[in-house]
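To keep things clear, I will list the structure first and then write my remarks on it.
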2 protein chains.
Amino acid sequence: MARTTLSTSDERRTATVDAAIAAFADAGYHGTTVADVAKRAGISPAYVFKLYSSKGAVFVAALDRCFDLVVAALEHGVESTVDHSPEGVLDAMGLAYAELIADRDLLMLQVHAQSATDVAEIRAALRRGYERVTEFAGSRSGATPEQVQRFLSFGQLCHLVATLGIDESHGGWERVVAAGIRHPAASDRP
Amino acid sequence: MARTTLSTSDERRTATVDAAIAAFADAGYHGTTVADVAKRAGISPAYVFKLYSSKGAVFVAALDRCFDLVVAALEHGVESTVDHSPEGVLDAMGLAYAELIADRDLLMLQVHAQSATDVAEIRAALRRGYERVTEFAGSRSGATPEQVQRFLSFGQLCHLVATLGIDESHGGWERVVAAGIRHPAASDRP
DNA sequence: TTCGTGAGTGATTCATCACTCACTCAATTG
DNA sequence: CAATTGAGTGAGTGATGAATCACTCACGAA
């Protein structure tokens, strides 16, 4: 069990996924090299290909993990709900999601995934992810389809606000777009 | 090569922008080469760089034109409004926008622009575009900031629906996400 | 007819990137 | 100890892509 230098491949794999989330969040799928990912993970590019079959597979692993975290956050939101009406549960989920994406990486990864749907495996992973979120939000809140749709819609608005780099502190049109949305970059822990 | 009749550089420029919209809509900024754009425009890659200073400048020109068309569509929506209440005007704008993005290219270009905000000039162009849309929707409808925000939010949901490639005709979770949104791919033009 | 200018390109440069392979070294097992 | 396995990498390779440049050709004016 001596792990001074060597590590297990599973440990490296999760480290690689963490690195991939950060790297792909920065520059998207086509704008990121596996050398970027490898550097952040502290391993060589060659070893990334030992752990994953292709660059696309790395991205998919990162995206899957991203949606794992999203669903977990929603779950956490449900558990902390006091008002158990559908609206109350959706609000709690929204709050939990807002907290999760405070670090911006998980949010940008979703944005970039939407822009990489020309890669079939990524499109499939993205659909899986939104399927999970939609099913979870619907079944655990008991809300109507319209309410769930509005919930998702507001999430998408958050993504726009983050990519534009605006928040409530702006005036004029930016305030209209970003009203009620705390900018992810502003780091104040709740 | 095929020596066609000479044309003015302005004509080539608009042809290049049209080609750029289609090309970038397919594979995004980093996933598209200027050779792709040139091929669609029927000119050589070298000439694209005579017309525009860089690949980024081509994308920005395409994005600017995209928002020109969006604002023009909203304007057209306003003009065809019968119910002149804020809600009525916003609804008319939404319908006009839905018609505009029926061809999917203008929609995907916006999605890909959101994913290319690491390029400063593209981020600036995107902000300019959403500024125009937000100001226009707000001032011409007289709606509250909240109503305008919801209008934008629904637009973003349309983008998600298009990238996921789903529409109302699906069942289950897809129907929840896409309710009320006609899929852009379904091409039924009169 | 000659000149000047603008349209348009082929060939090239220089960098980057996804992916491969032969290899080393550390640890476990018998 | 010898043998085997698994972690990990350096050094490539072939392909591609952004950008440049020297050039040709069309055409209108003098």
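Every chain is numbered from 1 and lettered A, B, ... according to where its sequence line falls, protein lines coming before strand lines. Side chains included, hydrogens not; waters and symmetry mates left out as well; all remaining heavy atoms used.
Taking atom OH on B/Y47 and atom P on C/dG8, their separation rounds to 4 Å, with Å as the unit. Atom OH in B/Y52 sits roughly 16 Å away from atom C1' in C/dA7 (whole-Å rounding). Between the CG atom of B/D36 and the P atom of D/dT16 there is a distance of 12 Å, rounded to whole Å. Straight-line distance from the CG atom of A/L51 to the C1' atom of C/dC19: 14 Å, rounded to whole Å. Summarising the geometry, the separation between CZ on A/R13 and P on D/dG8 is reported as 11 Å, rounded to the nearest angstrom. The NZ-P distance, from A/K39 to C/dT16, rounds to 12 Å in whole Å. At whole-Å resolution of the value, CZ in B/F49 and C1' in D/dA19 are 5 Å apart. As rounded to whole Å, 16 Å separates atom P of D/dG6 from atom CD of A/E11.
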Yes or no on side chain to side chain donor-acceptor pair (under 3.5 Å) for A/D83 and A/S85, after CA distance, side-chain angles and deciding distance? CA-CA 6 Å; A/D83 172 5; A/S85 70; 3.0 Å; yes
Output, in order, the C-alpha distance, side-chain angles, deciding distance and verdict of side chain to side chain donor-acceptor pair (under 3.5 Å) for A/Y130 and B/E174. CA-CA 9 Å; A/Y130 276 104; B/E174 286 121 325; over 6 Å; no
Derivation and outcome, side chain to side chain contact (heavy atoms under 4.5 Å, CB included), residues A/V78 and A/V89: CA-CA 6 Å; A/V78 172; A/V89 175; 4.1 Å; yes
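Regarding contacts with the backbone of D/dG8, every side-chain N or O of A/S44 stays at 4.0 angstrom or more from both OP1 and OP2. Between B/R12 and C/dA7 there is no side-chain N or O to OP1 or OP2 distance below 4.0 Å.
Looking at B/H112, its side chain never comes within 3.5 Å of a backbone N or O of B/L109 through a donor-acceptor pair.
Checked against D/dG10, C/dC17, D/dG8, the side chain of A/S7 finds its nearest nucleotide in D/dG8. The side chain of A/T33 has C/dC17 as its nearest neighbour among C/dC17, D/dT9, D/dA18.
Note on ring orientation: taking the six-membered ring where Trp is involved, the planes of B/Y97 and B/H159 are tilted (angle from 30° to 60°).
When heavy atoms are screened at a 4.0 angstrom cut-off, B/S53 is found touching no nucleic acid atom at all.
In this structure, B/K50 and B/G56 both approach DNA chain D, and ranking their closest nucleotides by distance from the 5' end singles out B/G56. Positionally, the nearest nucleotide of DNA chain C for B/P45 lies more toward the 5' end than for the other of B/P45 and A/K55.
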